[in-house]
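Reviewing the structure listed below.
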Amino acid sequence: MSSPLRSQDWFGRKDKLGFIHRSWMKTEGFSDSVFRNKPVIGICNSWSELTNCNAHLRQVAEAVKRGVWAAGGFPLEFPTISLGEPFMRPTSMMFRNLMAMDVEESIRANPLDGVVLLCGCDKTTPAQLMGAASAGLPAIMVTGGPMLRGMWRNQPLGSGTDVWHYWDELRAGRINEEEWCELESCMSRSTGHCMVMGTASTMTSLAEAMGMTLTGCASIPAADSRRNEIAERSGARIVAMVRENLTPDKIITRKSIENAIRVNMAIGGSTNAIIHLKAVAGRLGIDLPLRLYDEISNITPVIANIRPSGEYLMEDLFYAGGVPAVMKQIESMLHPDALTVTGKTTAENIASAKCHNPDVIRPLDNPLQTEGGTVILYGNLCPDGAVIKTSAADPRLMRHTGRAVVFEDHEDFMARYDDPTLEIEETCVMVLKNGGPKGGPGMPEYGNLPIPAKLLKKGVSDMVRISDSRMSGTSYGTVVLHVSPESAVGGPLWAVRNGDEIRLDVENRRLDLLIDDHEMNRRLRLFKPRAPHYDRGYGRLFIDSVLQADQGCDFSFLVQSEKRDENGDYAEGTRAADKLPLAF
């Protein structure tokens, strides 16, 4: 053993405290043998019946335990809060930081030597990565996997993406209520997260790409027996990682995060990944400017033909070779020497990866799109940046000028967007304010504004939409998101008025309100903040402490203040409290 086990500060003591710790653990039926210098492995489980994506993780945890026991460790499962994307109000994003704190403090406070992170639904993956990165103990992630593809009248369905599609079809009168009801029972056929390249599939894929899972973990369907097999192997591997002292800060580096960004572009991943990767990087003092995403996007083609950018579903991606096959196709663009939880490098992990279906995972000479799926915009409407998922947008709208139709907040939008008297045409630009981190609150997925029914009935399938909120990674359309700074803090989006002209120019990475600087400044001087959404509790903490979208929406007091260089090293003597001993 390279160093004394941390858990021995609890279980190895010969005094009264050691007696208490061992005695209390024996109430669960464990024998003396478990205290004899065995690494104690925490299984951090985000299982919940309120998080259907993660509802199978109890079974996955049992597989992890088998692996830990077989490798000579002592597994102890513990729960944290669980974030269910479909149910939580106002948005699960508001509670990502709370879950990250729960994960970090649960690891830090308990007699653990290493931890296995069980995740799946959108925010559970970044929350666990953030918490584990801050806690600093050896950690490995086991993702829950995507659900099986939906099927309706012999047509494959993707949760999220096809919900939005068929909801528009219903509103346009192209399907009837009976067909809509049939779809409800056909959409989601198993536990597991969304089976399109939404935020859940994106973040689990990126966890693998940055080296925090065993190779091939991300895309195994939740219902596939191989999900439990890789969980068992992960349980065995974490015991070895404890002995090697292989901690997250050695794996999550600038190189590995750049690999994750590259993979995000290649798979046409969710725009939400930008916020989550920024937050994970911030926990380890890694500077991750927004412009880096755009630099990588410029030279990375989209090669995963997965909805909403493409045709297929995550089950198909798995059969085609999964994330390793994607990474193999773009291997020349990756940092091959990035260390991973396997103890090997990225290049070693994907050395034998093969693509078994070149229509699902395209070769570089036949990409779905020649540039990455996500673009960063700047301009007088978003001086700190905004994002657009070009791989899921209408190419005809990549350069567009239109009249603004403004909605002051989500309630205003819901009250008016289907009003037949709304003065809107397909050339207009829909603008939603007060959907950001503070204004939402929590930056809900309001950004994919439904097209008004009267335009759908005319055959309009896409139009430019702008907001300071997010959208589901399962969504599609010409949607500009994460406008920073947000309108609720007096950002330029607040100054947009009905009838203003807005120009979107993706090629030149611009988003501009077509008024002069004098008029912009005059309007912004009139800004008055709205009353805060909360005056107590976690909501108040969130509003007071959350950073803007371009900074990852983490809490200001959780970001690691010391910066690391591109090799991942800290300046001598500058490490903060996260490197203090984690002793009892």
Side-chain angles (χ1 to χ4, degrees), residues 161 163-175 271 308 375 377 379-382 386-435 444-472 475-483 487 491-516 519-520 523:
T161 300
V163 174
W164 323 137
H165 169 69
Y166 285 108
W167 174 241
D168 283 348
E169 292 292 284
L170 178 69
R171 293 168 57 236
R174 291 189 282 268
I175 66 171
T271 51
V375 165
L377 305 171
N380 73 349
L381 200 50
C382 52
V387 304
I388 181 171
K389 187 173 181 176
T390 56
S391 61
D394 189 334
R396 297 172 300 176
L397 294 173
M398 294 298 94
R399 184 176 177 87
H400 179 81
T401 301
R403 171 174 63 86
V405 178
V406 177
F407 303 91
E408 292 299 322
D409 53 34
H410 187 247
E411 289 185 4
D412 180 34
F413 177 81
M414 295 302 291
R416 295 197 293 124
Y417 81 100
D418 263 350
D419 186 338
T421 66
L422 180 68
E423 294 185 5
I424 190 168
E425 302 168 353
E426 65 179 291
T427 58
C428 290
V429 175
M430 299 172 73
V431 176
L432 175 68
K433 301 179 184 178
N434 291 297
E445 293 182 340
Y446 294 158
N448 188 30
L449 306 174
I451 294 171
K454 70 178 184 180
L455 296 182
L456 288 174
K457 291 173 181 177
K458 293 180 180 179
V460 177
S461 59
D462 197 5
M463 56 194 300
V464 177
R465 289 154 277 179
I466 300 171
S467 76
D468 48 11
S469 58
R470 301 177 301 112
M471 76 174 182
S472 168
S475 300
Y476 52 89
T478 307
V479 183
V480 178
L481 306 151
H482 310 183
V483 170
S487 54
L493 189 68
W494 179 86
V496 181
R497 297 177 178 176
N498 273 312
D500 285 343
E501 293 284 304
I502 294 176
R503 181 170 59 219
L504 169 65
D505 185 352
V506 171
E507 181 179 358
N508 291 303
R509 305 304 197 252
R510 297 287 303 184
L511 179 68
D512 291 289
L513 180 63
L514 300 184
I515 59 175
D516 60 35
E519 175 61 13
M520 175 70 84
R523 292 186 188 183

Step-by-step side-chain contact (heavy atoms from CB on, under 4.5 Å) determination, Ser469 to Leu432: CA-CA 8 Å; Ser469 58; Leu432 175 68; 4.2 Å; yes
Geometric class of the Phe407/Phe413 ring pair [parallel <30°, tilted 30-60°, perpendicular >60°]: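 Rings of Phe413 and Phe407: perpendicular, over 60°.
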Within 6.0 Å of CD in Glu426, more than 12 heavy atoms from elsewhere: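 No, because the 6.0 Å sphere around CD of Glu426 holds 12 heavy atoms or fewer from other groups.
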Would a distance-only check, ignoring hydrogens and angles, find a side-chain to backbone donor-acceptor pair under 3.5 Å from [X] to [Y]?
| X | Y | answer |
| --- | --- | --- |
| Ser487 | Asn434 | yes |
| Lys458 | Glu425 | no |
| Asp512 | Arg503 | no |
| Asn448 | Ser475 | no |
| Asp468 | Val483 | no |
| His400 | Thr427 | yes |
| Lys433 | Val496 | yes |

Criterion side-chain contact (heavy atoms from CB on, under 4.5 Å) on Arg509 and Val375, from CA distance to verdict: CA-CA 7 Å; Arg509 305 304 197 252; Val375 165; 3.1 Å; yes
Minimum heavy-atom distance [X]-[Y], with the two atoms named:
| X | Y | value |
| --- | --- | --- |
| Thr161 | Pro308 | OG1-CB, 3.8 Å |
| Pro452 | Leu422 | CG-CD2, 4.4 Å |
| Val406 | Arg497 | CG2-C, 3.6 Å |
| Lys454 | Pro420 | NZ-O, 3.1 Å |
| Asp500 | Ala495 | OD2-O, 4.1 Å |
| Ser467 | Leu493 | C-CD2, 4.1 Å |

Spacing of [X] atom [atom1] and [Y] atom [atom2] [to the nearest 0.5 Å]:
| X | Y | atom1 | atom2 | value |
| --- | --- | --- | --- | --- |
| Leu397 | Thr478 | CG | OG1 | 4.0 Å |
| Met471 | Ile388 | CE | CD1 | 8.5 Å |
| Cys382 | Leu481 | SG | CG | 11.5 Å |
| Thr401 | Arg403 | OG1 | CZ | 14.0 Å |
| Met430 | Arg465 | CE | CZ | 7.0 Å |
| Arg174 | His165 | CZ | NE2 | 8.0 Å |

Matching residue for Ile502 among Val480, Ile466, Ile515 - test: side-chain contact (heavy atoms from CB on, under 4.5 Å):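 With Ile502 as partner, side-chain contact (heavy atoms from CB on, under 4.5 Å) holds for just one option, Ile466.
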Inter- and intrachain pairs under salt bridge (charged side-chain N to carboxylate O under 4.0 Å, His left out), touching residues 411-422, at least two apart: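 Passing the test, one end in residues 411-422: Arg171-Asp418, Asp412-Arg416.
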Residue pair Trp164 / Ser472, side-chain heavy-atom distance below 4.5 Å: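 A side-chain contact under 4.5 Å exists here.
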